[in-house]
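Labels below follow one simple rule: chain letters A, B, ... track the order of the sequence lines, proteins then strands, and each chain is numbered from 1.
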Amino acid sequence: MLDIQLLRNDAEAVAKRLATRGYVLDVQLFTRLEGERKAIQTRTQALQAKRNSTSKAIGAAKARGEDVAPIMAEVASLGEALAADELALAKIQADMNTLLSGIPNLPDPAVPVGGSEADNVEVARWGMPRVFDFAVNDHVDVGTPLGLDFETAAKVAGARFSLLRGGMARLHRALAQFMLDTHTAQHGYTEVYVPYLVNAQAMHGTGQLPKFEEDLFAVPRAGLEQMYLIPTAEVPVTNMVREQILARDALPLRFVAHTPCFRSEAGAYGRDTRGMIRQHQFDKVELVQIVEPEQSDAALEELTGHAEAVLRLLELPYRKMALCTRDMGFSSQRTYDLEVWLPAQNTYREISSCSSFGSFQARRMQARYRNEQGKNELVHTLNGSGLAVGRALVAVLENFQQADGSVVIPEVLRAYMGGLVLLKRDA
RNA sequence: GGAGAGGUGGCAGAGUGGUCGAAUGCGCCUGACUCGAAAUCAGGUAUACAUGAAUAAUGUAUCGUGGGUUCAAAUCCCACCCUCUCCGCCA
């Protein structure tokens, strides 16, 4: 959520900045709502003040044993007007809230302005794509003989699910364990285990609701409020600090969580249908930081570096992209995507997305800290994949495949595989 | 699933219709005392929103959440959520 003061002070300027990410702010609507709100709120509060003071007078008069009938008559007429105004105020505040909740974050001035993915800017590249002396297979062809099974997954669940067996399942687990251990031991993150089902407030806090409900899996519960399967650990982990006032010396908070992620992928029909690139369920190791505002720029670089470290340790070539205004997520103020080299697609594909959100999520969550002046101030939040486990598996299969169909296990993963060096059929 | 207890400020804990945003204690902050500290004493110490240049002042709202009764609700009524205890079930 944006600071409403920004809109009050200069809605046109805000609209201009939002336009760079393709969002059309209805300035007229805002101005109208704000005008109405101001009038109604001022009037309502004046009436409430009148009622309160009169009620107190009644109490005082009664205590003195005086006749309260005249004052009662005075306040009686207030009731209806007040009730009507309170109702109108609640309505307009709800309307304003709906409008505000649907406005995306302002892009940081450093974000390249652009209209599509094509305008993202490559800022770094690491590793040399391997030169193959045989025809490369994609991860489906490499993985299927090794235990990657989409047919059975489709039977028990449907499209966009996968099932792993044997060494393939173990390699998947090894990747997640390795990432978790790297971030806790090398990068100073605290491992957390979190709910995979969350309530609507949590989804609202990080920005998935109200706008992107169709991307989520909702779980109805008889007689109870429905819950949502998390689309990323960002939701439960970031919301850990909701409605909290943190001590300054508690910051920064750094959390890492390994969770499954569930996405409906509505609107992605026909896209990445082959393989496990785009699934309804995938595992991800997520990094989350809660920091002081002054630290958030540095924290984004740092956090992105932590995700990069995993790619380097896995010896996977990648490039770092600064997303342009139009390509960033709703809540993001600035985003780097890390794209891993996939030889079969002969291209780089997203494997991590690292974003800073400024106070956008904190405002929705009411997550604050006591700053140096002793004032309560909204924290800044950041998160990034470190990394998407499913896509990391894809990358390992494709980049480390051998002519005979086996796959070399990256050195850092071998300890997690009981020392196994080569993943072969029947391994 | 059955039975019961409870949710009040950073914490503990009063408050059952009126001057209660809320006693008291602890904690914390400031000052006095002290060479300094402890002890003691005095004062202060919630959040959000509105009007506003304001971290001034004033007002409004908030005692789990949402509704209701009333001129007036922490206090009465209803629904829900959460926590705890016992029994049952269960990984």
Donor-acceptor contacts under 3.5 Å from residues 171-179 of chain A side chains, at least two apart:
none

Residue pair A:Gln5 / A:Leu7, side-chain heavy-atom distance below 4.5 Å: no
Sidechain N-carboxylate O distance under 4.0 Å for A:Arg274, A:Asp138: yes
Sugar-phosphate only, base, or nothing, as touched by A:Arg43 at under 4.0 Å among non-hydrogen atoms: nothing
Using nucleotides 62-71 of chain B, report all nitrogen or oxygen pairs with the protein that are shorter than 3.5 Å.
from  : atom 1 : to      : atom 2 : distance (Å)
B:C71 : O2'    : A:Ser55 : OG     : 3.1

Carboxylate-amine/guanidinium contact A:Glu265 A:Arg160, below 4.0 Å: no
5′-ward residue of the pair A:Ile4/A:Ser53 relative to RNA chain B: A:Ile4
Residue whose nearest RNA chain B nucleotide is more 5′ - A:Ala60 or A:Gln93: A:Ala60
Aromatic centroids of A:His380 and A:Phe360 separated by under 6.0 Å: no
Results of side chain to side chain donor-acceptor pair (under 3.5 Å) for A:Thr335 - residues two or more places apart only: A:Ser332, A:Ser355
Over 12 non-hydrogen atoms of neighbours within 6.0 angstrom of CD in A:Glu117: no
With A:Asp181 via salt bridge (Lys or Arg N to Asp or Glu O under 4.0 Å) - residues at least two apart: none
A:Pro210: side-chain contact (heavy atoms from CB on, under 4.5 Å) partners, not counting sequence neighbours: A:Ser101, A:His204, A:Arg364
Within residues 357-371 of chain A, residues whose heavy atoms come under 4.0 Å of RNA chain B: A:Arg368, A:Arg370
Partners meeting side chain to side chain donor-acceptor pair (under 3.5 Å) with A:Gln289 (sequence neighbours left out): A:Tyr189, A:Glu302
Test side chain to side chain donor-acceptor pair (under 3.5 Å) applied to A:Asp283 - qualifying residues, sequence neighbours left out: A:His258
Counterpart residues, side-chain contact (heavy atoms from CB on, under 4.5 Å), relative to A:Ser53 (two or more places apart): none
Euclidean distance for P, B:G88 against B:C26 (whole angstrom): 45 Å
Atom P, compared across B:A42 and B:G25: separation rounded to whole Å: 10 Å
Atom-to-atom span, NZ of A:Lys50 to P of B:A72 - whole angstrom: 14 Å
Dot-bracket pairing map - RNA chain B, Watson-Crick plus G-U, both contacts under 3.5 Å, | cross-strand: ((((((((.[[[..)..(.....]]]((((((.......))))))((((((.....)))))).[[[[[..)....]]]]])))))))....
Kindly give the atom pairs (protein nitrogen or oxygen, nucleotide nitrogen or oxygen) under 3.5 Å for nucleotides 53-59 of chain B.
from  : atom 1 : to      : atom 2 : distance (Å)
B:G59 : N2     : A:Gln45 : OE1    : 3.2
B:G59 : N2     : A:Gln45 : NE2    : 3.4

By side chain to side chain donor-acceptor pair (under 3.5 Å) - contacts of A:Gln333 (at least two apart): none
Interatomic distance where CG belongs to A:Asn376 and P belongs to B:C49 [whole Å]: 11 Å
